[in-house]
Amino acid sequence: MPSSPKISKERILDTALQMLIREGYGAINITAVAKKLGCSTQPISRHFGNMETFRAELAKVAGQYVRNKLNPPEGEYVEDPETFGRIYCDIAMDEPNLFRFTCMGESGRQERNGMASWLDYKHNTRIMEQMIRKYGLTPENAAKYVQTMIIYFHGIASLIASGMIVEKRETIYQMLQDAGKNYLTALRASSIEGE
């Protein structure tokens with residue numbers, strides 16, 4: 001019977017996640033992670049089998065790390081879209097390697113169901129419900145708002161993470177707020193006219 005590994009799967013993944021955040025996806029391979037852990041490659045191979053499985057597990061851990069940042073505990077739930085956008089852009093500014101990996105396709109994971117899956121996401125469903133209650137939007141306009149703002153947030157954050165724009169945090173926050181207010185004004189008018 002083989003001996004149990006002394007280095008846990010969780011420790012390996014945590015080390016790889018920290019390397020990903022600091023050094024980027026290109027730095028992640030079994031040898032580099034083993035060196036960082038101060039061990040041979042055997043524990044990593046034992047837990048994951050091959051690099052493809054290791055990358056898939058790292059993508060899950062990195063994705064959960066980002067989701068935890070975007071979705072604080074229930075008692076601290078972020079309900080307004082602009083705050084959500086600020087957190088999203090903060091990840092791109094503070095951890096661009098992580099953002100590129102999880103949100104710009106470096107992990108190789110794609111959303112199979114397109115925008116529909118984003119609208120069904122628990123957080124976004126709550127935002128849409130709030131937009132309906134607070135601003136009197138129709139359900140269709142609330143969905144349009146969330147979809148459009150997700151695209152806008154992602155576009156700004158992607159430009160930040162790729163280094164294509166470098167702006168002060170306050171400038172980015174103001175851009176998010178202005179875009180949200182302007183689009184909300186247009187959708188509220190449309191919701192009223194549709195009644």
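These numbers come from a predicted model, not from an experiment.
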**Report entry** Steps toward salt bridge (Lys or Arg N to Asp or Glu O under 4.0 Å) verdict (Glu57, Lys60)
**Finding:** CA-CA 5 Å; Glu57 290 293 317; Lys60 289 178 190 174; 3.5 Å; yes
Query - Candidate pair Arg67 and Gln64, rule side-chain hydrogen bond (donor to acceptor under 3.5 Å, both in side chains), full reasoning - result: CA-CA 5 Å; Arg67 282 188 296 282; Gln64 187 59 52; 3.2 Å; yes
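Residues satisfying the ring pair (Phe, Tyr, Trp, His ring centres under 6.0 Å) criterion with Tyr25, sequence neighbours excluded, are Phe101. Taking Phe54 as the reference, Phe48 meet the ring pair (Phe, Tyr, Trp, His ring centres under 6.0 Å) condition, with sequence neighbours excluded. Here Ala161 pairs with Ala92, Pro96, Phe99, Arg100, Met104 under the side chain to side chain contact (heavy atoms under 4.5 Å, CB included) rule; sequence neighbours left out.
A distance of 6.0 Å separates CG in Leu58 from CD1 in Ile28, rounded to the nearest 0.5 Å. The CE atom of Met128 lies 11.0 Å from the CE atom of Met131; values are rounded to the nearest 0.5 Å. For the atom pair CD (Gln174) and CZ (Arg86), the distance works out to 10.0 Å, reported to the nearest 0.5 Å. Here the CD-OG1 distance, from Glu140 to Thr138, works out to 4.5 Å after rounding to the nearest 0.5 Å. Between atom OG of residue Ser40 and atom CD1 of residue Ile7 there is a gap of 7.5 Å, rounded to the nearest 0.5 Å. Rounding to the nearest 0.5 angstrom, the gap separating the NZ atom in Lys69 from the CG atom in Asp94 is 6.5 Å.
Closest heavy-atom contact between Gly24 and Asn97: N-ND2, 3.4 Å. The heavy-atom pair separating Met175 from Tyr152 by the smallest distance is O-OH, 3.6 Å.
Contact of the Leu137 side chain with the Leu184 side chain is registered, since non-hydrogen atoms from C-beta on lie closer than 4.5 Å. At least one side-chain heavy atom of Met51 sits under 4.5 Å from a side-chain heavy atom of Ile30.
Placement of Ile127 and Ile132 in two distinct hydrophobic clusters is found when ILVMFWY residues are connected by side-chain heavy-atom separations under 4.5 Å, directly or transitively. A continuous path of hydrophobic side-chain contacts links Phe153 to Ile87 [ILVMFWY only; heavy atoms under 4.5 Å]. Cluster annotation: Val166 and Leu159 are assigned to distinct hydrophobic clusters (Ile/Leu/Val/Met/Phe/Trp/Tyr, side-chain heavy-atom contacts under 4.5 Å, transitive).
For residues 155-180, no residue pair satisfies the ring-ring contact (aromatic ring centres under 6.0 Å, His included) rule, not counting sequence neighbours. The salt bridge (charged side-chain N to carboxylate O under 4.0 Å, His left out) analysis of residues 170-187, with sequence neighbours excluded, yields no pairs.
No donor-acceptor distance shorter than 3.5 angstrom exists from the side chain of Thr148 to the backbone of Tyr145, with no hydrogens or angles considered. His47 places no side-chain N or O within donor-acceptor distance of the main-chain N or O of Leu13, the cut-off being under 3.5 Å.
The closest side-chain donor-acceptor pair between Thr185 and Asn182, if any, does not fall under 3.5 angstrom.
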Quiz: residues 14-21 side-chain donor-acceptor pairs under 3.5 angstrom, not counting sequence neighbours:
residue: Thr15; atom: OG1; partner: Arg11; partner atom: O; Å: 2.9

